[in-house]
Structures are given as C-alpha cells and as structure tokens.
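One structure is given below, encoded as structure tokens.
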Amino acid sequence: MATLLDTLRQASHVDCDTMDRRVAETLGPFVDCTSNQAIAYFELSRDGGEQYRRLWTDAIACAAGSLHHLSGDATQEEFVVEIAKMIKLQLSFLPFTSGYVHVQTNPKLSFSTEKTVKNAQRINSVFKALVAEVDAQRVCIKIPATWEGLQACRSLEAQGIKTLATTLFCMEQASLAAEANCTYIAPYVNELRVHFDKGFVDEHKAFAFCAETQNYYKKIGTKTQVLVASLTSTDEVMQLAGVQHITISPPLLEELAATALDSWQSRSAIIFENRSGLKSYSRDDFKDIIHDESAWRLAFARSGFGTSHAKIIQAINYFSDFQEKLERMVQNYQ
C-alpha cells in the first residue's frame with residue numbers, strides 16, 4: 001500500500017523533527033534529524049525522565065572529565081545540557097539518517113555573534129569527540145536568524161561548520177541567510193505559538209514564503225536549501241510536497257505513514273504547482289540591505305508590519321524558557 005509518506009519522499013527530502021529514537025526506528029530512514037530545546041526538554045522529561053538518568057549522569061561525568069577541556073566559557077549546566085542533547089539522543093539517530101543531525105545553539109545567545117560562534121564551535125567539537133571519524137561532519141548547527149545569528153552562520157560556514165538558520169518568516173532573513181552561505185534555512189509555516197497555546201491558529205501561514213524562497217534560491221544559484229518546519233497537519237505537509245527538505249513531528253509522520261494514497265482526498269504539492277500568486281525576487285531586491293546592518297534591521301522590523309520580527313522574538317522566548325528548564329534539570333541528577 002502506497003502511503004502519503006511514501007509519496008512525500010518521492011517529492012522532497014523527509015527529515016524527522018524529534019529526539020525519540022523509536023520514531024526513526026519505525027518510520028525511517030530519514031535524511032536529517034532536527035531538534036531544538038523544546039523537543040529536547042519534552043523527550044528528556046518523558047515518563048518522568050527516569051529512563052534518561054544514565055544519560056544525564058554520563059553527561060555530567062563527561063563535562064567534568066573527558067570533555068572538560070572543551071567547555072570554554074559555558075556554565076556547567078549549559079555544558080551538560082549540550083552534551084546530554086547529543087549523547088544517545090542526536091547521536092543515536094545517525095544509523096537512521098543519511099544526512100545531518102541538527103543541534104540548536106543556546107537561544108539566549110541569539111543577539112551575540114561572538115557568543116553564538118563560540119557556542120557552535122563547542123557543540124561541533126563535542127560532537128567530533130563523541131563520534132567515529134566517518135560521522136564527524138554529520139552535525140549541522142541551528143541558529144536563530146537574527147542579524148547576529150546570521151553573521152555567526154557566515155563565520156561558521158567559512159570555518160567549514162554547517163549551519164541552519166532557523167525561525168525564518170520573511171525574505172529579509174532568507175536573502176541574508178543565502179548571502180551568509182548557510183547550508184539550510186528553516187522557514188516556519190506556523191509561528192511557534194501554535195505548538196504551545198492550545199486552540200491558537202496562525203492566520204498568516206507562510207506557505208507562499210517557502211515557495212518564493214526556494215524559487216529565489218534556485219534563481220541566484222545559492223547552495224542554501226529550504227527546510228520547512230513548524231507544521232500542524234498532514235494537509236499542510238502534503239501541500240508542501242516538492243520543497244527541498246521538510247521536517248515533520250512524530251504524530252504527523254505516523255498519520256502520513258498510516259494514510260493510503262488512494263484514500264487521500266486533498267491535493268498535494270499545490271504550493272509549488274500554483275505559481276501564479278507567488279512573488280518573484282532577484283538579488284537586486286536585497287542588495288541595499290544585506291551588507292548594511294541598520295538597513296537590514298529596519299527592513300526586517302517593517303516586514304509584514306512587524307509580524308516577522310514579533311514571531312522570531314516569540315520563538316526566542318519559547319526556546320530560552322526551555323533552555324532554562326533543561327539547565328534546571330541538571331540539578332536533579334547531581
């Protein structure tokens with residue numbers, strides 16, 4: 001029986017948006033595996049978190065011992081969280097993925113290029129210390145797409161460290177991400193609030209933005225690829241068939257895998273098939289802002305009459321809250 005997941009895999013690279021290894025084992029293989037502080041927190045808290053006690057104690061021991069020389073200026077809690085998010089979690093996905101595992105930097109550093117670069121370098125060094133050489137290049141660093149974050153991506157890519165600019169909502173961010181040579185961007189179809197505020201619906205879903213960005217990237221010949229995130233239904237997923245990458249949460253993956261293609265009543269790939277309503281962009285549209293911090297900040301602040309800027313601030317707040325919750329969890333295992 002051909003399923004929606006089978007069909008989607010023929011049109012796009014499918015990534016898993018989870019830290020639950022069972023999902024990759026049963027529904028994989030996937031291309032990449034994405035994650036963030038919220039996903040890490042909910043996975044490490046599952047069933048009271050007892051199943052991850054060994055992971056935490058190992059991470060604490062590594063932070064104080066074999067990996068201590070890599071800690072830099074991180075606090076003990078921050079460093080332990082970074083290790084815990086990788087030991088047995090992201091690293092355990094390597095056998096079920098053919099591409100990258102994604103690790104997000106501390107969102108509380110989103111407005112410091114220097115600190116974000118150091119954080120990403122530390123994550124990269126810890127990853128390499130924990131994997132076989134064959135997998136040493138299979139980490140991609142997720143960084144919120146602020147001006148400072150995108151400058152950090154530029155620096156890291158120049159060092160050979162792969163980056164994904166996350167929480168994108170507008171072309172101002174997308175154009176700068178391509179100029180910074182990011183490996184991926186992650187446009188959010190829905191603002192992050194939909195996943196935490198029951199009943200809230202994003203009335204301005206970013207379907208057109210995903211297609212417009214992918215078309216723009218193809219036109220300018222950038223290496224940067226579009227990896228769509230923050231989806232709430234199988235209908236949203238299937239509308240985006242044809243995007244380069246799409247990362248999907250476990251409930252939606254399960255629904256896609258359980259739905260027969262011949263029973264599907266909605267249309268697929270309509271975002272990329274219907275180009276009549278899409279805007280077309282060229283490099284000239286952004287040449288005055290991508291090298292001018294003040295001009296870019298103003299353009300970003302005005303995008304969507306402030307909605308794009310508000311959505312990334314909201315996302316940074318959510319992720320920062322979960323970063324703090326993870327750091328507090330460290331205390332439970334010391």
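- With hydrogens and angles disregarded, a donor-acceptor distance shorter than 3.5 Å links the side chain of N119 to the backbone of N106.
- Without hydrogens or angle criteria, T34 side chain to H102 main chain gives no donor-acceptor distance under 3.5 Å.
- Contact detail for V330 and E77: the closest heavy-atom pair is CG2-O, 4.0 Å.
- A donor-acceptor contact shorter than 3.5 Å links the side chain of R138 to the backbone of G99.
- Judged purely by atom type and a 3.5 angstrom limit, S175 uses its side chain to pair as donor or acceptor with the backbone of E172.
- The other members of the hydrophobic cluster of L130, by chain and number, are L67, L70, F79, I83, M86, I87, L91, F93, L94, V101, V103, V117, I123, V126, F127, V131, V139, I141, I143, L156, I161 (side-chain heavy atoms under 4.5 Å, ILVMFWY only).
- The shortest distance between side-chain heavy atoms of Q334 and V80 does not fall below 4.5 Å.
- Taking a cutoff of 4.0 Å between a charged side-chain nitrogen and a carboxylate oxygen, R54 and D58 qualify as a salt bridge.
- Within the model, atoms OH of Y318 and CG of D197 stand 6.0 Å from one another, a figure rounded to the nearest 0.5 Å.
- Between F319 and Y188, the ring planes lie perpendicular to each other; the angle is over 60°, past the 30° to 60° tilted range.
- D73 meets the salt bridge (Lys or Arg N to Asp or Glu O under 4.0 Å) test with R122; sequence neighbours excluded.
- Counting only distance, with no hydrogens or angles, the side chain of N317 and the backbone of I313 share a donor-acceptor pair below 3.5 Å.
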Review point. Can you list the steps and then say if E236 with N190 is a side-chain hydrogen bond (donor to acceptor under 3.5 Å, both in side chains)?
Key: CA-CA 10 Å; E236 289 183 358; N190 295 276; 3.0 Å; yes
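- Of the possible polar contacts, none joining the N215 side chain to the E212 backbone as a donor-acceptor pair under 3.5 Å is found.
- Using a 4.0 Å cut-off between a side-chain N of Lys or Arg and a carboxylate O of Asp or Glu, K205 and D202 do not qualify as a salt bridge.
- Side-chain contact check for S45 and K325: no donor-acceptor pair (N or O, by modelled atom type) lies under 3.5 Å.
- The closest donor-acceptor contact from the side chain of T259 to the backbone of L256 lies at 3.5 Å or more, if one exists at all.
- Using a cut-off of 4.0 Å between Lys/Arg side-chain N and Asp/Glu carboxylate O, R154 and E179 are scored as salt-bridged.
- The distance between the ring centers of F169 and F209 does not fall below 6.0 angstrom.
- Side-chain atoms of T224 come within 3.5 Å of backbone atoms of C182 as a donor-acceptor pair (strictly under, hydrogens ignored).
- Heavy atoms from other residues, nucleotides or ligands lying under 6.0 Å from CZ of R46 number more than 12.
- No hydrogens or angles considered: nothing links the side chains of Y184 and Q244 as a donor-acceptor pair under 3.5 Å.
- K142 places a side-chain N or O within 3.5 Å of a backbone atom of S35 that can act as its donor or acceptor partner.
- Residue pairs meeting the ring-ring contact (aromatic ring centres under 6.0 Å, His included) criterion with at least one partner in residues 248-304, sequence neighbours excluded, are W147-W296, Y216-F286, Y281-F286, W296-F300, F300-H309.
- In summary, E324 and K108 engage in a salt bridge, as defined by a charged side-chain N under 4.0 Å from a carboxylate O.
- E148 and R297 are joined by a salt bridge, as a carboxylate oxygen and a charged side-chain nitrogen come within less than 4.0 angstrom of each other.
- For the pair R22 and E25, the salt-bridge criterion is not met [side-chain N within less than 4.0 Å of a carboxylate O].
- Formation of a donor-acceptor pair under 3.5 Å by the S12 side chain with backbone atoms of V243 is found in this model.
- Rounding to the nearest 0.5 Å gives a distance of 11.0 Å between CG of N36 and OG1 of T105.
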